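We number each residue from 1, following the sequence as shown. Bear in mind that the values here come from a model prediction, so they are computed numbers and not experimental data.
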Amino acid sequence: MICFQDYKDREVYAFLFPLAAIGMGGLYFLDEKLNRYFTNILINLLIVLGILGILWLYARFKLKKELFKEAFGLGDVFMLVAMALGFPVYTFTVLLSFGFITALIISLITFRKQKEVTIPLAGQLSVFLVVVYMIVWVVLPVNLYVI
């Protein structure tokens, strides 16, 4: 749903992000000790905050735009937070990196067909995560939470 709405309207129903966070966070929570879970989540959220800080600086000084009005969507932030709640630090950084690379490749391929050059990052990350979960659950049974 996140992918479909993000591609179609560049808007996503707000209730979908907490559902994604609860789903991913619940899977991780069931597999981890409580104190380690919260430590990892805090570190992940600090990573997201650092990324947003760098994006804010880049948008403000290089692009001369406001971050959440023209440069980066709130849905994208909510998707990053949902991902941060769902994985240990190592897995989160690996998935985030590969998710960004995948989004970049998809966007470079589809830019030629778009009238407006925007990246539906939340939608692309949601598809990426669905593919990762399907691979882990069906094809290559590894534990995403062991690190």
Side-chain angles (χ1 to χ4, degrees), residues 1-60 63 65-111 114 117-147:
M1 284 298 295
I2 291 173
C3 175
F4 177 74
Q5 289 181 343
D6 203 13
Y7 269 96
K8 185 175 178 261
D9 301 324
R10 296 297 196 260
E11 295 178 338
V12 179
Y13 290 130
F15 75 90
L16 292 174
F17 295 110
L19 286 178
I22 289 169
M24 288 187 287
L27 288 171
Y28 178 38
F29 181 79
L30 292 173
D31 202 67
E32 189 63 78
K33 295 178 182 172
L34 190 61
N35 62 343
R36 190 166 170 189
Y37 173 80
F38 285 116
T39 302
N40 283 332
I41 297 310
L42 178 63
I43 294 169
N44 289 348
L45 291 173
L46 289 173
I47 291 169
V48 170
L49 190 62
I51 290 169
L52 291 176
I54 292 167
L55 284 173
W56 178 80
L57 290 170
Y58 184 78
R60 175 145 183 161
L63 300 177
K65 295 180 178 184
E66 289 191 44
L67 181 62
F68 296 119
K69 289 187 179 178
E70 301 172 281
F72 200 72
L74 275 177
D76 301 332
V77 174
F78 294 146
M79 189 65 196
L80 293 178
V81 170
M83 283 181 68
L85 299 177
F87 301 101
V89 177
Y90 178 78
T91 306
F92 172 69
T93 54
V94 169
L95 289 177
L96 190 63
S97 300
F98 279 101
F100 284 160
I101 292 168
T102 303
L104 176 64
I105 292 169
I106 291 170
S107 296
L108 289 173
I109 292 169
T110 61
F111 271 166
Q114 293 179 352
V117 181
T118 60
I119 298 174
L121 183 62
Q124 291 176 350
L125 287 176
S126 67
V127 169
F128 175 77
L129 288 174
V130 166
V131 169
V132 167
Y133 276 118
M134 295 310 290
I135 288 171
V136 166
W137 290 339
V138 177
V139 179
L140 184 67
V142 296
N143 190 345
L144 291 172
Y145 312 113
V146 176
I147 292 298

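Pairing each heavy atom of A84 with each of L45, the nearest pair is CB-CD2, 3.8 Å. Smallest separation of non-hydrogen atoms from Q124 and A103: OE1-CB, 2.9 Å.
We find the CD-CZ distance between E66 and R60 to be 8.5 Å, quoted to the nearest 0.5 Å. Rounded to the nearest 0.5 Å, atoms CG (L34) and OG1 (T39) are 9.0 Å apart. Summarising the geometry, atom CG belonging to L52 is positioned 11.0 Å from atom CG belonging to L57; distances are rounded to the nearest 0.5 Å. Considering CG of L46 and CD1 of I41, their distance stands at 11.5 Å, rounded to 0.5 Å.
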Hey, can you pull the donor-acceptor pairs under 3.5 Å for the side chains in residues 18-29, sequence neighbours left out?
unit_1: Y28; atom_1: OH; unit_2: E32; atom_2: OE1; d: 3.4
unit_1: Y28; atom_1: OH; unit_2: N40; atom_2: ND2; d: 2.5

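The side-chain contact (heavy atoms from CB on, under 4.5 Å) test applied to T102 returns I106, F128, not counting sequence neighbours. Checked against side-chain contact (heavy atoms from CB on, under 4.5 Å), L74 has the following partners two or more places apart in sequence or in another chain: F68, F78.
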Before giving the answer on side chain to side chain contact (heavy atoms under 4.5 Å, CB included), spell out for V136 and L140 the whole-Å C-alpha distance, their side-chain angles and the decisive distance to 0.1 Å. CA-CA 5 Å; V136 166; L140 184 67; over 6 Å; no
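Counting heavy atoms from C-beta outward, N44 and M83 have side chains that stay 4.5 Å or more apart.
Here the rule is side chain to side chain contact (heavy atoms under 4.5 Å, CB included) with F92, and of L85, L144, L80, V48 only V48 fits it.
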